Amino acid sequence: MSEQILQNFINGKWTSSATGRFREVQNPATAEILAKVPISSAAELDQAAQVAHKAFLEWRNVPVTKRIQYLFKLKDLLEANFEDLSRTITMEHGKTLEESRGEMRRAIENVEVACGTPTLMMGDFVENIAPGIDEYMIRQPIGVTGIISPFNFPGMIAFWFIPYAVAAGNTVVIKPSSRVPITMFKLVKLMEESGLPAGVVNMVNGGSEIVDAILDHPLIKSASFVGSTPVAMHVYSRGSAHGKRVQAMGGAKNPVLILPDADVKVTTDILIDSAFGNAGQRCLAAATAIMVGEADKIFIPALAEAASRRVVGYGLNPEVQMGPVITPQDKVRIEGLIQQGVDEGAKMLVDGRKAVIPGYEKGNFIRPTILTDVPVDGLIAKTEVFGPVLGIMHVNTVEQGIEILNNGAFGNMGCIFTSNGSVARKFRNEAEAGNIGINIGVAAPMAFFPFSGWKDSFFGTLHGQGKHAIEFFTQTKIVIERWPKEWTRKF
Ligand code: NAD
């Protein structure tokens, strides 16, 4: 990929930002500069909001059956460009090609589900709520919607929102992560190729200035955000203060209970993949393994062995199982947190620091790292590391494990590994997390279910994906009507 200067997409045209400010997009495995992304201004966001509003006035009246035809076309284009998009994700983000393919598959599934919008946005009707009076509810689009995405899934996350918003008759302004903007640049090119009318999809690249401009803009009626908890809280409060609908997904620190009766091979493989897949940069990564009873004796050696075996390197190489972390600054931050854990009393089981990958010496690599005896009240137990680090704790009972989970600030995911159905059922009932895995390590909801974070992992009411997304991107209108027979004129 040559070093290109990315543009914004406003009113169906590719437009160079006028700011002259850029951020370099770097391949995290090779340190090669892939592109420069503009740090656009609030004035450029305003331009996008204005055209999106103008486009909305027409788009809302395009029949839903016609609106979804663009999604069918987009689905074909995504399939045709599947390999290129997956390679792009690996190059700018660092995850393995197989992980990138999995990500794009999940993005496409959201397009497929949104093709069902004619059914998903159907209203309700009750005849005769009083003599001769009927009442019904219709769903109408809300207007211009803002979509703000994080770095860790450059292709998938914006698709928790875009296809539903557009199919329901809204227009969108997308602000991709400036760390990984090339994938969305290519995806918006495909949306353009799908024939969507000018102004329905717009993209403005940049940083926090664009996010705040989205939250403040009177013509933008909603904000869909995914990112870290402090920024999610900021987005939720600032957007709400401006009267917008906001759905803001935040960070995570996912606990996984391991019982001694769990299958050793399956559990070890799944847990290692959950903790170290995507180099731990996944909001559904297993962050803390809570060993119940004798489980530690069985699983700690198995986990150590599997973590040490994981092949780390450039994600485009087929044998590689784990790529680098996103930036050199993140590598320093993550290694600092590992040291903090050790300083707090945790024991180093597998140390992934000081990783050097031959041929990729400039990459931001950290090998899988496992700490045991992590103190429950320490900073490392509570902080989202967002890197390839698994902490291990020990408890005597399932109840104590659930208590640790429920005392955590986040609620994105909780998992349990056991062969005991009754314990699994208790866990499912009592765990205070919105996505539950039972003998599953990454409980990522399919596109037809909501991505259901709780507590500090989510601010709002309606989540991304499926019916929740359609509800978020529509407002209900109630009509009560009366047509007395006596009023009917004779012809
Ligand atoms: P981030 O919060 O740094 O950035 C997210 C978006 O907000 C980006 O587009 C960024 O440009 C913008 N932004 C950053 N700082 C801002 C500020 N001060 N004001 C306004 N906007 C700002 O998140 P990230 O590092 O890109 O992504 C990783 C985080 O996202 C992790 O915490 C992870 O758990 C979380 N995440 C959550 C989910 C979920 O479903 N809950 C899914 C994926 C990622």
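Remember, it's 1-based here, ligands and their atoms both numbered in the order they're listed. Quick note: residue numbers are just sequence positions, from 1. Just so it is clear, the model here is predicted, and its values are computed rather than measured. Any value given below was found using the heavy atoms of this structure, including those in side chains, with hydrogens, waters and symmetry copies removed.
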*Asks:* With only distance considered, is S228 within less than 3.5 Å of ligand 1 through an N or O on each side?
*Replies:* yes
*Asks:* Looking at W14 versus F185, is the centre-to-centre ring distance below 6.0 Å?
*Replies:*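 They qualify: ring centres under 6.0 Å apart.
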*Asks:* Could you tell me whether the side chain of H93 reaches within less than 4.5 Å of the side chain of N152, counting heavy atoms only?
*Replies:*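 N152 vs H93: side chains touch.
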*Asks:* Does K175 pair with D212 as a salt bridge, N-O distance under 4.0 Å?
*Replies:* no
*Asks:* Closer than 3.5 angstrom, by distance alone: can the side chain of S274 be matched with the main-chain N or O of A286 as a donor-acceptor pair?
*Replies:* yes
*Asks:* With a 4.0 Å cut-off on heavy atoms, is F225 in contact with ligand 1?
*Replies:* yes
*Asks:* Looking at F153, is K95 sitting on its ring face, NZ or CZ under 6.0 Å from the six-membered ring centre and within 45 degrees of the normal?
*Replies:* yes
*Asks:* Decide whether the shortest distance between a heavy atom of G453 and an atom of ligand 1 is less than 4.0 Å.
*Replies:* no
*Asks:* Are the charged groups of R21 and E209 less than 4.0 angstrom apart, N to O?
*Replies:*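 Here R21 pairs with E209 in a salt bridge, since their nearest N and O are under 4.0 Å apart.
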*Asks:* N/O to N/O below 3.5 Å, does that happen between T229 and ligand 1?
*Replies:*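 So ligand 1 has no N or O lying under 3.5 Å from an N or O of T229.
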*Asks:* Can you sort out which atoms of ligand 1 are near N152, meaning under 4.0 Å from one of its heavy atoms?
*Replies:* 43 (C), 44 (C)
*Asks:* Find all atoms of ligand 1 within a distance of less than 4.0 Å from any non-hydrogen atom belonging to G251, and give their numbers and elements.
*Replies:* 32 (O), 34 (O)
*Asks:* With heavy atoms under 4.0 Å as the rule, classify the contact between V226 and ligand 1 as side chain, backbone, both or neither.
*Replies:*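 Within the 4.0 Å criterion, V226 contacts ligand 1 through backbone and side-chain atoms alike.
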*Asks:* Which bit of V235 gets closer than 4.0 Å to ligand 1, counting heavy atoms only: side chain, backbone, both or neither?
*Replies:*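 V235 to ligand 1: no contact under 4.0 Å from either part.
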*Asks:* What atoms of ligand 1 come closer than 4.0 angstrom to any heavy atom of I157?
*Replies:*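 So the atoms of ligand 1 that pass are 42 (C), 43 (C).
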*Asks:* Quick one: does ligand 1 sit under 4.0 Å from the side chain of F386, the backbone, both or neither, non-hydrogen atoms only?
*Replies:* side chain
*Asks:* For atom 11 (O) of ligand 1, tell me which residue out of E209, H234, M156, K175 has the closest non-hydrogen atom.
*Replies:*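 Among E209, H234, M156, K175, the closest heavy atom to atom 11 (O) of ligand 1 comes from K175.
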*Asks:* Considering only heavy atoms of F451, which atoms of ligand 1 have at least one such atom less than 4.0 Å away?
*Replies:* 40 (O)
*Asks:* Under 4.0 Å from any heavy atom of E384, which atoms of ligand 1 are there?
*Replies:* 31 (C), 32 (O), 33 (C), 34 (O)
*Asks:* What pair of heavy atoms forms the shortest contact from N170 to V200, and how long is it?
*Replies:* O-CG1, 4.3 Å
*Asks:* Can an N or O of W160 be found at a distance shorter than 3.5 Å from an N or O of ligand 1?
*Replies:* no
*Asks:* Nearest non-hydrogen contact with atom 29 (C) of ligand 1 belongs to which option: G227, S178, S177, P445?
*Replies:*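 Of the listed residues, G227 has the closest heavy atom.
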*Asks:* Any protein heavy atom sitting closer than 4.0 Å to atom 4 (O) of ligand 1?
*Replies:*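 Answer no: nothing from the protein, no heavy atom, is under 4.0 Å.
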*Asks:* For A232, which part has a heavy atom under 4.0 Å from ligand 1: side chain, backbone, both, or neither?
*Replies:*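 Within the 4.0 Å criterion, A232 makes no contact with ligand 1.
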*Asks:* Side chain or backbone, does P150 bring an N or O within less than 3.5 Å of an N or O on ligand 1?
*Replies:* no
*Asks:* Please check whether F151 reaches ligand 1 - meaning an N/O of the residue sits under 3.5 Å from an N/O of the ligand, judged on distance alone.
*Replies:*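 There is such a contact, yes.
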*Asks:* Could R87 and E92 be called an ion pair, given the rule that one side-chain N must be under 4.0 Å from one carboxylate O?
*Replies:*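 Judged by the 4.0 Å cut-off on N to carboxylate O distance, R87 and E92 do not form a salt bridge.
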*Asks:* In ligand 1, which numbered atoms sit nearer than 4.0 Å to a non-hydrogen atom of S149?
*Replies:* 6 (C), 8 (C), 9 (O)
*Asks:* Should you measure from each heavy atom of R179, which atoms of ligand 1 turn up under 4.0 Å away?
*Replies:* 3 (O), 24 (P), 25 (O), 26 (O)
*Asks:* List the atom of S100, the atom of T90, and the distance in Å for their closest heavy-atom pair.
*Replies:* OG-OG1, 2.7 Å
*Asks:* Are the ring centres of Y164 and F473 closer than 6.0 Å?
*Replies:* no
*Asks:* Contact between Q339 and R353 at the side-chain level, heavy atoms closer than 4.5 Å - yes or no?
*Replies:* yes
*Asks:* So for Q281, does at least one of its heavy atoms come nearer than 4.0 angstrom to any atom of ligand 1?
*Replies:* no
*Asks:* Parallel, tilted or perpendicular: which describes the rings of F459 and Y236, with under 30° parallel and over 60° perpendicular?
*Replies:* tilted
*Asks:* Is it true that R101 and E98 make a salt bridge, defined as a side-chain N closer than 4.0 Å to a carboxylate O?
*Replies:* yes
*Asks:* Among all protein non-hydrogen atoms, which one is nearest to atom 20 (C) of ligand 1, and what is the separation to 0.1 Å?
*Replies:*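 Its nearest protein heavy-atom neighbour is S208 CB, 3.4 Å.
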